[in-house]
Structure formats: structure tokens, C-alpha cells
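In what follows, a structure is listed as C-alpha cells, so that the remarks can point back to it.
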Amino acid sequence: MHTFARFLISEHPEYMDTLQLVVTLPFKRGARVAPVEYLEEPEIKSVLARIDRRTPAGRRDYALFSLMFNTGARVQEILNLRICDLRLVSPCQVRLHGKGNKVRLCPIWRNTAQHQHAASTLR
């Protein structure tokens, strides 16, 4: 709306007084773009290093966290995963079901695929 009002001012300066009121309206609360926060590689390695992979639960947790870090998947996308959503042979990939029933295919590293295979055999 602000951009359109500025455009109209340039095209119809006779309405500038009225359009200036539109331009001065505050933006919707929360509409400001927040910086994207993410973990750097050493931080990711530190998180993964703290998981005890000697236990079945630790191997499962390591597989889940490595998949989340690899794909950038939301927690809900990981919770929605089924075994048939994983392709653990080349080209390794995972099918993620996101918000609004959107489906996306994400490639995964061979190392991540190996962890997924190891975790899927824990049953």
C-alpha cells in the first residue's frame, strides 16, 4: 500500500496531501523482517558430538538431528516422515511434507543417509 501511494504521488501530485497520510501509516506490527538465525558448522558439530551414539536412542537422535541440519526441515516435517519418504541410495534424498501440504524433495548427504539407514534398523 505504501509503495502504491508513493507511485500515485508521482503520477498525481495534486493528491499528495491525501496520499501522504497513507504513506505515514505505520507498517503492520511484526511485519519487519527479522534476521535469519542459524548455526554455524562448528556449532552443528558441537551439538552432534554431544549425542551418545552408543545407545539406540542416541543413534536415533543423531540421525534425526543430522537430517534436520542437512535439510533445514522443520520439526513437524521430521515428525511427519515415513520410511517410504527416505531414499537412501544414490541419489540420496528425503521427501518432506510441509505446511499447507506442500511436498519438497531434499537431497541428503551420503553420510546422513547412512545414519538414517542405521537408525531405521533399530526396531
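Just so it is clear, the structure is predicted and the values come from calculations on it, not from any experiment.
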### Message
Whether the side chain of Arg110 engages the backbone of Ala113 through a donor-acceptor N/O pair (distance < 3.5 Å, no angle test) should be reported.
### Response
no
Under the 4.5 Å side-chain heavy-atom rule for ILVMFWY, direct or indirect, which residues accompany [X]?
X: Val89; answer: none
X: Leu105; answer: none
X: Trp109; answer: none

### Task
Flag the pair Asp61 / Asp52 as yes when at least one side-chain heavy-atom distance between them is below 4.5 Å, and no otherwise.
no
#### Entry: From CA spacing to verdict: side chain to side chain contact (heavy atoms under 4.5 Å, CB included), Ser66, Gln116
CA-CA 9 Å; Ser66 65; Gln116 302 313 305; 3.8 Å; yes
### Query
Roughly how far, to the nearest 0.5 Å, is SG of Cys106 from CD of Gln93?
9.0 Å
### From NE2 (His115) to CG (Leu88), nearest 0.5 Å
12.0 Å
### Message
Which residues pass the side-chain hydrogen bond (donor to acceptor under 3.5 Å, both in side chains) test with Asp17, not counting sequence neighbours?
### Response
none
## Note on the structure
Residues passing the side-chain hydrogen bond (donor to acceptor under 3.5 Å, both in side chains) test with Asn70, sequence neighbours excluded, are Thr112
## Note on the structure
Heavy-atom nearest pair, His97 first then Asn80, reads O-ND2, 3.7 Å
Per-pair distances, 0.1 Å, donor-acceptor, side chain in residues 39-50, under 3.5 Å, sequence neighbours excluded:
residue : atom : partner : partner atom : Å
Glu41   : OE2  : Lys45   : NZ           : 3.1
Glu43   : OE1  : Glu40   : N            : 2.6

## Note on the structure
Here the salt bridge (charged side-chain N to carboxylate O under 4.0 Å, His left out) pairs for residues 94-103, sequence neighbours left out, are Asp85-Arg95
#### Entry: Partners meeting ring pair (Phe, Tyr, Trp, His ring centres under 6.0 Å) with Phe69 (sequence neighbours left out)
none
Taking side-chain contact (heavy atoms from CB on, under 4.5 Å) as the test, write out the residues that go with [X], two or more places apart.
X: Leu64; value: Arg60, Ile78
X: Leu79; value: Val75, Gln76
X: Glu77; value: Ala73, Arg74, Leu96, Arg104

### Query
With sequence neighbours left out, what residues match Arg53 under salt bridge (Lys or Arg N to Asp or Glu O under 4.0 Å)?
none
### Message
Let me check something: do Phe65 and Tyr62 share a hydrophobic cluster, defined by ILVMFWY side-chain heavy atoms less than 4.5 Å apart, either directly or through other members?
### Response
yes
### Query
Which is it for Arg6 and Val23 under the side chain to side chain contact (heavy atoms under 4.5 Å, CB included) test, yes or no, and what are the steps along the way?
CA-CA 7 Å; Arg6 282 190 212 97; Val23 172; 4.1 Å; yes
